[in-house]
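Data first, discussion second: the structure below is written as structure tokens.
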Amino acid sequence: DVRLVESGGGLAQAGGSLMLSCVVSGFTFYAYAVAWFRQAPGKEREEVSCIVNVDVTIFHGDFVKDRFTISTNNVESTAYLHLNNLKPKDTDVFYCAATWGRAVADKRGDGRLSSLYWNYWGQGTQVAVAS
């Protein structure tokens with residue numbers, strides 16, 4: 001079974017940083033797409049960062065410019081999301097998502113991708129930012 005397990009959430013001060021981790025098992029990490037989403041209560045999940053790899057990285061996007069940065073460690077099958085300069089509005093549950101790289105390679109444009117494209121999800125990790 002494919003499993004994604006997030007960690008690293010918690011309480012941070014405004015202006016502080018957190019590093020979220022997503023450990024993936026049961027899924028090959030050489031032709032993959034992995035993304036981070038955020039979700040506030042009662043709202044749709046919103047993509048924040050994504051990497052798509054098909055032999056090489058063909059997409060690498062961070063939609064919260066200059067503050068959130070995605071990276072991967074393929075040997076450890078782990079994706080990271082570095083949250084920098086946190087703001088109270090960043091108080092959300094953050095989810096890791098994955099699918100096969102070829103499934104979304106031709107769907108990436110300049111904007112965010114719907115959560116409907118992603119097949120596998122972690123349980124989420126809560127981020128809270130104090131004011």
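Using a cut-off of 4.0 Å between Lys/Arg side-chain N and Asp/Glu carboxylate O, Asp90 and Arg67 are scored as salt-bridged.
Each of Val24, Thr78, Thr57, Ile51 was scored for a side chain to side chain contact (heavy atoms under 4.5 Å, CB included) with Thr72, with one residue passing: Ile51. When the options Ile58, Val54, Val52 are evaluated for a side chain to side chain contact (heavy atoms under 4.5 Å, CB included) with Val104, the one that passes is Val52. The side chain to side chain contact (heavy atoms under 4.5 Å, CB included) test with Val48 is passed by exactly one of Leu83, Ile70, Asp92, Val64: Val64.
The shortest non-hydrogen separation linking Ser49 to Leu81 is OG-CD1, 3.5 Å. Of all heavy-atom pairs between Leu86 and Ala12, the closest is CD1-CB, 3.7 Å. Contact between Ala79 and Trp36 at its shortest, heavy atoms only, is O-CZ2, 3.8 Å. Nearest approach of Gln39 to Arg45, heavy atoms of both residues: OE1-NE, 2.9 Å.
For Thr69 and Asp62, the side-chain atoms include no donor-acceptor pair closer than 3.5 Å.
Of the possible polar contacts, one joining the Glu6 side chain to the Gln123 backbone as a donor-acceptor pair under 3.5 Å is found.
To the nearest 0.5 Å, atom OG1 of residue Thr99 and atom OH of residue Tyr117 are 11.5 Å apart. Rounding to the nearest 0.5 angstrom, the gap separating the OG atom in Ser131 from the NZ atom in Lys87 is 13.0 Å. Between the CH2 atom of Trp118 and the SG atom of Cys96 there is a distance of 9.0 Å, given to the nearest 0.5 Å. Annotation: the span from Asn84 atom CG to Met19 atom CE amounts to 9.5 Å, rounded to 0.5 Å. Separating the NE2 atom in His60 from the CZ atom in Arg108 is a distance of 11.5 Å, to the nearest 0.5 Å.
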(message) Applying side chain to side chain contact (heavy atoms under 4.5 Å, CB included) to Phe63 and Glu47, what does each step give before you reach the verdict?
(response) CA-CA 8 Å; Phe63 299 104; Glu47 188 181 26; 3.7 Å; yes
(request) Determine, step by step, whether Leu11 and Gln126 satisfy the side chain to side chain contact (heavy atoms under 4.5 Å, CB included) criterion, reporting the C-alpha distance in whole Å, the side-chain angles of both residues, the deciding distance to 0.1 Å, and the verdict. (result) CA-CA 8 Å; Leu11 178 64; Gln126 176 73 60; over 6 Å; no
(request) Applying side-chain hydrogen bond (donor to acceptor under 3.5 Å, both in side chains), run through Tyr95 and Ser115 and close with a yes or a no. (result) CA-CA 10 Å; Tyr95 295 89; Ser115 62; over 6 Å; no
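The shortest side-chain heavy-atom distance between Leu4 and Val34 does not fall under the 4.5 Å cut-off.
Taking the six-membered ring where the residue is Trp, the centroids of Trp100 and Tyr120 are separated by under 6.0 Å. For Trp121 and Phe37, the ring centers sit closer than 6.0 Å to each other.
Tyr32 and Val2 fall within the same hydrophobic cluster, where Ile, Leu, Val, Met, Phe, Trp and Tyr residues are linked whenever their side-chain heavy atoms come under 4.5 Å apart, directly or through other members. Residues Val23 and Phe94 do not share a hydrophobic cluster, defined by chaining ILVMFWY side chains whose heavy atoms lie under 4.5 Å apart.
When the shell of 6.0 Å around CG of Asp66 is examined, it contains 12 or fewer heavy atoms from other residues, nucleotides or ligands.
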